[in-house]
Every structure is written in C-alpha cells, then in structure tokens.
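Remember, it's 1-based here, ligands and their atoms both numbered in the order they're listed.
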Amino acid sequence: MRKILIAGNWKMHKSIPETLELLSLLAGKVGAASPAEVVVAPPFTALSAAGKLLSGTSILLAAQNMSQNPEGAFTGEISAAMLMDAGCQWVILGHSERRSLYDETNGVICQKIKVALENGLKVIFCLGETASQRAGGKTQDVVRGQMELGLRNLDVGLLASLVIAYEPVWAIGTGKNATPHQAQEVHRFIRSELEKKYGSEFAESTRIIYGGSVTSENFQNLSLEPDIDGALVGGASLDADSFYDIITSVT
Ligand code: PEP
C-alpha cells in the first residue's frame with residue numbers, strides 16, 4: 001500500500017516571516033498525524049527557520065534543488081549535508097524549471113540524485129514532456145529517456161527513498177492540468193518501466209506523484225487513478241487553505 005504524498009513547491013516565493021506564517025497555519029490544520037505524507041519546499045533562505053518550526057509536527061521539509069558536489073569552491077551552491085543541517089528530509093530534483101532555465105542535464109540530475117540518496121535525503125525526481133513532444137507522440141520516449149539517464153547506474157538499494165513526479169511541462173503553472181486519463185497513462189508507463197528495470201516489488205512500492213496545475217477540485221479525480229500516488233503542487237501550495245484542501249481531497 002503506497003501512502004499518498006502531497007508536496008508543495010514554493011519556488012521563489014515567501015520571505016522568512018511569510019514562511020513561518022504559512023507553516024504555522026498549515027501545521028495547525030494538518031495536526032500531529034496526517035493520513036497523507038505532507039512535504040513543503042520553501043526557498044533556501046527560509047529552510048532553517050521552517051525546519052525549527054516544523055520539528056515535532058508531521059510536516060516534512062524539502063529543498064527545491066541541491067549541488068551534486070559535497071563541499072568546496074562552488075560559489076552559490078548548497079550541499080546535501082547543508083540541507084540536512086537546515087532540517088530537510090527531502091529534496092526536489094530535476095524540476096522542469098531547473099532543466100529549461102538553468103540547463104540542468106539528465107547527467108547532472110543523476111549525479112544529484114545519487115548524492116542526495118547517499119546522504120540520506122529522500123528525493124522527488126521530476127520528469128515530463130513538453131507540449132510539442134506530446135503533440136509529436138514522443139511522451140513515452142521522453143519519459144523513458146529521462147528515467148534511464150536520471151537513474152543511470154544507481155543501485156536499486158539506494159532507490160527505496162525515491163519518488164517520481166510526473167510533471168508534464170505544458171501543465172506547470174498554466175492552469176491546464178493533464179486529464180486523469182492522460183496522467184494515469186503516463187504513470188502506468190513509468191511503473192511498467194520501473195518493473196522492467198528493477199522488478200515488480202520495487203515498481204509496486206514506488207510512489208509516482210502528479211504535478212501540473214493541481215487544485216483540490218482537479219486532484220479529487222486525478223487521485224482516483226490507480227497509479228497516481230499524490231501530487232507535487234506549485235501555485236496552490238502558497239496558501240494554507242488551498243494546500244490543505246488538496247491534502248484533504250484525498251484522505
Ligand atoms: C510545480 O512547480 O512543480 C508545479 C506543478 O506548479 P503548478 O502546480 O503551479 O503548476
């Protein structure tokens with residue numbers, strides 16, 4: 001039985017006081033034990049304060065990115081150990097904005113995934129096709145390629161803490177979410193690829209979450225699909241009520 005995971009990616013939003021305000025409201029709503037696993041990813045500057053506020057709650061903390069290097073002369077970068085020091089249990093890697101705006105390649109994403117998992121961080125690994133790739137019938141090829149290269153040479157033992165987020169690029173921040181049928185089709189495909197590579201036990205236990213203009217209204221139907229195990233939420237995670245409505249829409 002896969003536990004539903006609802007993760008909020010705040011992107012470059014919220015000051016430290018705004019972060020604490022939102023998280024206090026959210027923690028009050030979610031309470032000590034949530035049936036869904038709830039993860040929030042504030043900006044780097046607010047992680048440490050967020051980590052302190054969330055300690056003792058059931059809400060877990062994620063970073064939105066991470067260096068593939070452990071330490072050293074890498075100006076502006078943040079390591080896995082630093083994220084754990086700030087209170088993170090999770091990190092989001094391979095987001096389409098990192099791929100398209102900062103030229104993150106599958107190879108770099110793979111290195112980051114390896115370093116994160118080796119250091120004890122859990123990983124939300126994002127992948128998905130663009131509108132033109134979908135229109136050209138390339139969705140499966142793109143997703144397969146991102147999976148193959150992003151997880152290349154990683155030992156299956158390391159992948160127990162991996163969650164895959166299927167995020168069609170055309171649905172991110174656009175208000176155009178994938179239909180339950182479209183999302184389920186790709187989630188099923190991802191699971192079948194996991195099965196081919198790592199076996200059925202691994203494929204059945206790995207969570208595959210959907211991201212792209214999720215709201216409580218559309219997520220109710222998306223979550224009914226058998227291979228959709230949660231959501232990665234951007235815009236709607238910036239407000240305690242709308243994020244909490246998504247959490248409760250499935251529980
Ligand atoms: C995201 O940032 O991963 C995302 C899915 O954003 P939104 O929910 O705003 O489309």
Side-chain angles (χ1 to χ4, degrees), residues 4-14 18-19 22 26 36-44 46-47 50 59-66 88 90-102 104 106 109 112-113 116 122-131 133-134 139 142-143 146-147 150 162-180 182-184 186-187 190 207-223 225 227-250:
I4 293 281
L5 172 68
I6 308 290
N9 173 17
W10 295 9
K11 312 194 187 192
M12 199 169 71
H13 295 289
K14 306 283 182 194
E18 287 167 346
T19 296
L22 201 169
L26 190 65
E37 192 167 347
V38 179
V39 176
V40 290
F44 283 131
L47 285 177
I59 302 173
L60 299 168
L61 188 65
Q64 300 171 22
N65 184 28
M66 190 201 83
C88 291
W90 285 87
V91 61
I92 299 171
L93 295 173
H95 192 280
S96 73
E97 287 152 17
R98 300 290 324 163
R99 293 174 187 265
S100 67
L101 303 174
Y102 301 99
E104 259 187 38
N106 288 309
I109 293 163
K112 290 186 177 190
I113 293 174
K122 298 176 179 177
V123 171
I124 298 175
F125 168 35
C126 304
L127 43 77
E129 82 288 0
T130 63
Q133 288 166 336
R134 174 165 279 265
T139 298
V142 170
V143 166
Q146 289 171 331
M147 283 176 73
L162 182 90
V163 167
I164 295 182
Y166 169 56
E167 297 211 298
V169 178
W170 48 271
I172 298 179
T174 59
K176 277 191 253 164
N177 63 290
T179 64
Q182 284 173 320
Q184 166 60 24
V186 182
H187 282 229
I190 291 171
R207 288 178 291 182
I208 305 169
I209 64 176
Y210 167 80
S213 299
V214 166
T215 63
S216 59
E217 289 80 31
N218 61 37
F219 195 62
Q220 236 161 14
N221 284 334
L222 283 159
S223 69
E225 297 296 334
D227 290 294
I228 298 183
D229 305 316
L232 180 54
V233 186
S237 69
L238 295 172
D239 173 84
D241 286 332
S242 62
F243 190 52
Y244 186 64
D245 283 349
I246 295 170
I247 297 165
T248 51
S249 71
V250 292

Where [X] and [Y] come nearest, the two heavy atoms and their spacing:
{"X": "Asp229", "Y": "Arg207", "answer": "OD2-CA, 3.4 Å"}
{"X": "Pro43", "Y": "Trp10", "answer": "CD-CE3, 4.1 Å"}
{"X": "Val123", "Y": "Ala116", "answer": "CG2-CB, 3.6 Å"}
{"X": "Thr130", "Y": "Trp170", "answer": "C-CD1, 3.7 Å"}

Protein residue, atom and distance nearest to [atom], heavy-atom basis:
{"atom": "atom 9 (O) of ligand 1", "answer": "Gly235 N, 2.9 Å"}
{"atom": "atom 8 (O) of ligand 1", "answer": "Gly234 N, 2.8 Å"}
{"atom": "atom 3 (O) of ligand 1", "answer": "Glu167 OE2, 2.7 Å"}
{"atom": "atom 1 (C) of ligand 1", "answer": "His95 NE2, 3.3 Å"}

Can an N or O of [X] be found at a distance shorter than 3.5 Å from an N or O of ligand 1?
{"X": "Gly173", "result": "yes"}
{"X": "Val233", "result": "no"}
{"X": "Thr174", "result": "no"}
{"X": "Ser213", "result": "yes"}

Which of the numbered atoms in ligand 1 are below 4.0 angstrom from a heavy atom of [X]?
{"X": "Asn9", "answer": "1 (C), 2 (O), 3 (O)"}
{"X": "Gly212", "answer": "5 (C), 10 (O)"}
{"X": "Ala171", "answer": "10 (O)"}

Among the heavy atoms of Ser237, does any lie under 4.0 Å from an atom of ligand 1?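 Contact absent.
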State which residue, out of Asn65, Leu232, Val163, fulfils the side-chain contact (heavy atoms from CB on, under 4.5 Å) condition with Ile92.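 In the set Asn65, Leu232, Val163, the residue that makes a side-chain contact (heavy atoms from CB on, under 4.5 Å) with Ile92 is Leu232.
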Pick out which of Ile6, Val233, Leu26, Leu22 makes a side-chain contact (heavy atoms from CB on, under 4.5 Å) with Val40.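 Passing option: Leu26.
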Pairing residues for Lys122 by the salt bridge (Lys or Arg N to Asp or Glu O under 4.0 Å) criterion, not counting sequence neighbours: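 Lys122: no salt bridge (Lys or Arg N to Asp or Glu O under 4.0 Å) contacts found.
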Parallel, tilted or perpendicular: which one describes the rings of His187 and Tyr166, with boundaries at 30° and 60°?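 Geometry flag for Tyr166 against His187: perpendicular rings.
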